[in-house]
Amino acid sequence: MSRHIKETIKSHRRKMARTEEIRLRQHLNADALIKTMHTGFAGIREHRTGTVTHTLADSLMAGFAMFSLKDPSLLVFDQRRFRSCQNLMSIYGMGSIPCDSSMREILDGVDPNDLRPLFKDAFRQLQRGKILEKFVFMEGCYLLNLNVTGYFSSDSRHSDACLEKKHRKSGKVTYYLQTVGAAVVHPDHKEVIVLPPETIRKQDGDKKMDCERNAVRRFLGKLRQDHPHLQFIVNEDALSSNVPHIEDLEANNLHYILGAKPGDHQFLFQYVDDAVARGEGMELTVTQQNTPHLTHCFRVVYNAPLNKSHQDTRVTFVEYWEENSKTSKTQHFTWITDLTITEENIFHFMRGARARWKIENETFNTLKNQGDHFDHNFGLGKKHLTEVFVLLMMLAFLIDQILQLCCPLFQAACKSFKTRRLFWENVRSKFRNFYIEDMEDLYRSLLVYNPVPLQY
């Protein structure tokens, strides 16, 4: 036997040994979480009458599997029914798999609110596994980022739920859909824990701000229904720093960090300048040993009126500059908050406030650009299809994020590939060409060995 072959065998055995050492957590592994989803789908009331070919649970699980495997379209998933149906049934627990048209028809009638408990089921596993404790940010609260994103736009295709935007000069109408996304984040963790999004509907109002405000108000009410005892700090952009929204946050017992811009709050910024001139503000400079080239400058004014018309609405104003001696660049941020800001916690506060970008980069951009196909139109439907698909995609994304946080096998399999997109391409390839007993089998196969080929 040649030396090269011997070294190859030894290397393979070492990989096998390392892979076998990876142990899974009982409730925080892919197969356990998929079973949690299946149980949740089975508990949703059937909206159809008479005899059905495919159960609602199987149809919902088929949609979830499509997003779990990151298939780019319903057509691609429909082809999977014939090529790897054994794996779909064994791993995702389906008794039958609907075709693409049947899936659309069945899921169109599902009430989106019926899917919300599944997010709670996954969230509960994080609490049970003590993982959620890592996300406590400040004053015993979780940092909850909210943002609005679009996921559909067309000049011709539309449904009754679509919003409309008319071009001022040409009169051309564009139809689009948006949703209020939410994620629990922490500045020390790349992963995010998504909560059920709230779709902005046509009946929410004629003006953009009315639409967003009404949808966010609905979201906050549902958030408190789902998690009545958890403490959150809502982190949003400058469009949210208005009195009606702050009243909604306070009514739902939610703390807040909201961006603020001089153009929108001239009275507030003038008040801050005057208060600092009177010596009523706090000013300090902070440097960190690990980043000596960065100087962090803060200015804080307490009990400031939000605007001239609502001087009884009082907030804490925080202004921050980051000066970089290497690049000679300065970044500037301003926020309003109801949190207690001190010299001891202001740097930590700033890191959390700046983590607002995680809802865009770690959530929406990941879903749109790294293989999840969030901006692909999987179907508009006549009732709720588009909302159901968004919720199923978010559920699949939530499971991925939990696995990135908690599952060493999933983490090791991901690290075997340079990009997340390449990882999912290999997952789909294994799923399509080999018999897979469970997701654990699939992830281990990505590390060291090939499973049994499927027979056609």
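Reckoned from all heavy atoms, side chains included, excluding hydrogens, waters and symmetry mates.
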- Keeping the roles fixed (side chain from N235, backbone from A355), state whether a donor-acceptor pair exists under 3.5 Å. no

- Is the number of heavy atoms from other residues, nucleotides or ligands under 6.0 Å of Q404 CD greater than 12? yes

- Task: Examine distances only and state if a side-chain atom of N345 and a backbone atom of T340 form a donor-acceptor pair shorter than 3.5 Å.
- Result: yes

- When you measure from the side chain of D58 to the backbone N and O of G95, does any donor-acceptor pair fall under 3.5 Å? yes

- Message: Would the distance check show the side chain of R25 and the main-chain N or O of G129 forming a donor-acceptor pair, the cut-off being under 3.5 Å?
- Response: yes

- Between the main-chain N or O of G259 and the side-chain N or O of D237, is there a donor-acceptor pair closer than 3.5 Å? no

- Specify whether F410 and W424 have parallel, tilted or perpendicular ring planes, treating 30° as the upper limit for parallel and 60° as the lower limit for perpendicular. tilted

- Message: With a 3.5 Å distance limit and no angle check, can you tell me whether R217 reaches the backbone of D248 through a side-chain donor-acceptor pair?
- Response: no

- Is R421 salt-bridged to E425, cutoff N-O under 4.0 Å? no

- Task: Check for a donor-acceptor pair, side chain of S68 on one end and backbone N or O of A65 on the other, with a separation under 3.5 Å.
- Result: no

- From S59 atom OG to M94 atom CE, the distance as rounded to the nearest 0.5 Å: 9.5 Å

- Message: If we ignore hydrogens and angles and just use 3.5 Å, is the side chain of R81 paired with the main-chain N or O of D100 as donor and acceptor?
- Response: no

- Item | Main-chain N/O of K382 paired to D108 side chain as donor or acceptor, under 3.5 Å | yes

- Message: Are there over 12 heavy-atom neighbours, none belonging to K383, within less than 6.0 Å of that residue's NZ?
- Response: no

- Task: Indicate yes or no: does D188 engage K134 in a salt bridge with an N to O separation below 4.0 Å.
- Result: no

- Query: Relative to each other, are the rings of H186 and H348 parallel, tilted or perpendicular (30° and 60° limits)?
  - Reply: tilted

- Taking everything shown except R48 itself, do over 12 heavy atoms lie less than 6.0 Å from its CZ? yes

- Pair H38-Y92, side-chain donor/acceptor within less than 3.5 Å: no

- Query: With distance as the sole test, does R428 use its side chain to make a donor-acceptor pair with the main-chain N or O of D71 at under 3.5 Å?
  - Reply: no

- Just say parallel, tilted or perpendicular for the rings of F378 and F67, cut-offs at 30° and 60°. perpendicular

